Amino acid sequence: MKKLREKIADAFDVPKDVALGQSKIVIIGEQEVNIENYHGILEYDTSIVRIKTADKIIRIIGSKLEIDTITDEDIQIVGSIKAVEWGAFECLP
Amino acid sequence: MFAIRILNFLKGYVIVNVEGFFLERFLNIAAHRRIYLWNVRHLGSAKMRLSISAKGFTQIHDIVANTQSHLSIAAKRGLPFIVYKYRRRVGIAIGLFIFFVMIFVLSRFIWVIDIEYAGDKVPTDKIYGELAAAGLKTGSFISGVGKDDVARHLMTNISEFSWVGINIKGTRGIVQIKERMDPPQMPDESKPCHIVAARAGVIETINTRLGEQCVSRGDAVSDGQLLVSGIADSAQLGVRYTHATSEIIARTWLESSSTAEDFILVRNRNGAKKSKHIISIFSWNIPLFLNENVDFAEFDRETSTHNLRLGENFILPFAFKYDKFYSVDIDKQPISADEAIANAAAKARADLTQKLISGDSKILGEEVSTTTAPTGELIVTVSWECLENIGKQEEIL
């Protein structure tokens, strides 16, 4: 089912994040991560930020992490970023 | 996002510290309610500092209570706070208002008129006079000036102008003028006339189109001598009067002398100077000096005007002018004999150029000679041999 939707999206050249409800993550250098279309913040600390998106959790590991901007759809995180990881649903600590 | 931040400065924003154990929830709820937050920074395990719009600040109190957090204001920034601080200072507001009103009002008038006029037949005073009569002068209201009417007025009243274009840019009025080019004069072929010599010379070529030729190539003619006659007398047709037409090129000699002076006058500024400063508002000149008369015998005068302007075209009617007067000594600087002779020769040549019949005259050769007058001065004489058209029409009366 998902494959079919993906194929239709490709055929009509609709951007995938709009068609499939996925998040768009833009990483600029080692300093900035923009996540569009997120669902919520799970954890926020200066060295770890966990963001929930449609079906995955994105973990951003680094130091001196700050949230630059936060709206109801996008979130922008700046700081010295060491890693950006995806994981499945985890239990909240 | 950046534009939104500028907007937030104008609307006012607050920097707050939030303390509690459920900070992420706080962020989620605030974001979900579309309250814009930025610069969120962790200050320890249970504390964070963030910036929030002033309007948003009024909406987060229930979220704060919900998440069992504590809110404290660290700083208030933005235009509304500044205005509140100065709310008693009415003078500033009034001054600002008057400033903007003045700028607005003053830019509705014309303060400078530029005339782009490449010719010299009409003196600029006359042009300004006509423009003023038509309604375009310094201080006239821009909306009251009908560009086409003024242009038409100028073209009708000054016949030398063939086209006038008027443009108003900012507070500058630009008048473009093109002169009328006279059509070439067609020679009047109705009046009968002779052709006489304008100057003495020896005839090189003579081409007669109409008339009786009286001289031929190689003849020496004197000033005023009849060259081509307009009266034709023949046995068959009787006396006929024609408009003699002929091109006569002759070799002529011209001469001019001038005295060689062994010095030239040089203006040397000798250091003494006086300056007078004036502030000019609209047309009133307010002098900023005590009345000293400039008592130098000879002086150079430099005048500068600085107009107050906002950019190239918005010139306001406030100006700062100053005149500087430099006292000048006129000294006689001695020059060498060769320089003196060269100067005198140049003067003589200028005189000869004036004497030439027309611009078409060709100069074949030049001779420069010097003689000493009985008074001891040196006289420099320049002689030219030229080819000139010496035909001159003279009416038969």
Side-chain angles (χ1 to χ4, degrees), chain A residues 21 23-85 87 89-93, chain B residues 1-9 11 13-57 59-60 62-64 66-71 74-75 77-78:
Chain A
S23 315
K24 183 154 137 188
I25 297 138
V26 178
I27 306 179
I28 300 178
E30 294 174 76
Q31 276 127 11
E32 200 172 308
V33 175
N34 294 355
I35 303 177
E36 290 179 21
N37 200 11
Y38 79 107
H39 283 226
I41 305 180
L42 292 178
E43 186 186 330
Y44 170 51
D45 192 41
T46 36
S47 46
I48 289 191
V49 180
R50 279 196 300 144
I51 310 279
K52 174 164 173 257
T53 62
D55 49 356
K56 286 265 193 287
I57 295 184
I58 301 178
R59 241 193 342 198
I60 299 169
I61 302 170
S63 55
K64 295 194 215 149
L65 296 178
E66 278 184 34
I67 299 180
D68 200 31
T69 333
I70 177 167
T71 67
D72 59 338
E73 271 173 14
D74 313 338
I75 183 168
Q76 205 174 10
I77 296 165
V78 294
S80 314
I81 297 171
K82 293 215 181 58
V84 179
E85 295 173 358
F89 269 123
E90 291 169 11
C91 294
L92 289 168
Chain B
M1 293 289 199
F2 187 55
I4 300 180
R5 291 203 201 176
I6 295 182
L7 214 71
N8 274 313
F9 177 77
K11 289 199 215 155
Y13 67 92
V14 197
I15 303 182
V16 291
N17 289 329
V18 186
E19 285 178 67
F21 291 116
F22 301 109
L23 299 173
E24 294 84 10
R25 219 191 201 169
F26 175 87
L27 288 174
N28 278 328
I29 300 177
H32 192 66
R33 291 203 193 168
R34 295 180 172 245
I35 297 171
Y36 186 54
L37 309 171
W38 65 94
N39 264 343
V40 180
R41 203 197 158 114
H42 224 94
L43 298 174
S45 65
K47 198 166 169 188
M48 69 183 176
R49 178 212 69 190
L50 51 92
S51 302
I52 183 171
S53 64
K55 189 173 72 174
F57 183 74
Q59 295 167 341
I60 58 171
D62 53 340
I63 312 177
V64 166
N66 209 336
T67 55
Q68 297 163 17
S69 323
H70 177 72
L71 203 62
R77 302 233 176 103

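Numbered from 1 within each chain, the chains take letters A, B, ... in sequence-line order. Computed from a predicted structure; not experimentally measured.
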Review point. So which part of B:Leu37 gets closer than 4.5 Å to some heavy atom of chain A, the side chain, the backbone, both or neither?
Key: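 For B:Leu37, the contact with chain A is made by backbone and side chain together.
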Check your understanding: So what's closer than 4.5 Å to chain A heavy atoms on B:Ile35: side chain, backbone, both or neither?
Key ->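 For B:Ile35, the contact with chain A is made by the backbone alone.
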Review point. With side chains defined as the heavy atoms from C-beta onward, is the minimum distance between B:Met48 and B:Leu27 less than 4.5 Å?
Key: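 Side chain of B:Met48 against side chain of B:Leu27, heavy atoms only: contact under 4.5 Å found.
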Check your understanding: Can you check whether B:Trp38's main-chain N or O pairs, donor with acceptor, with A:Thr69's side chain at less than 3.5 Å?
Key ->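 Checking the backbone N and O of B:Trp38 against the side chain of A:Thr69, no donor-acceptor pair under 3.5 Å is found.
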Check your understanding: Pick from A:Val78, A:Ile77, A:Leu65, A:Asp72: which one has the most heavy-atom pairs with chain B under 4.5 Å?
Key ->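 Among A:Val78, A:Ile77, A:Leu65, A:Asp72, the one with the most close pairs to chain B is A:Asp72.
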**Study point:** Pairwise ring-ring contact (aromatic ring centres under 6.0 Å, His included) hits with a residue in residues 40-74 of chain A, at least two apart
**Key:**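 Matches after skipping sequence neighbours: A:Tyr44-B:His42.
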**Study point:** Contact winner vs chain A - B:Leu23, B:Leu43, B:Val40, heavy-atom pairs under 4.5 Å
**Key:**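 Between B:Leu23, B:Leu43, B:Val40, the count favours B:Val40.
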Exercise for review: Identify, with sequence neighbours excluded, every residue that meets salt bridge (charged side-chain N to carboxylate O under 4.0 Å, His left out) alongside A:Glu66.
Suggested key: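 A:Glu66 satisfies salt bridge (charged side-chain N to carboxylate O under 4.0 Å, His left out) with B:Arg41 once adjacent residues are dropped.
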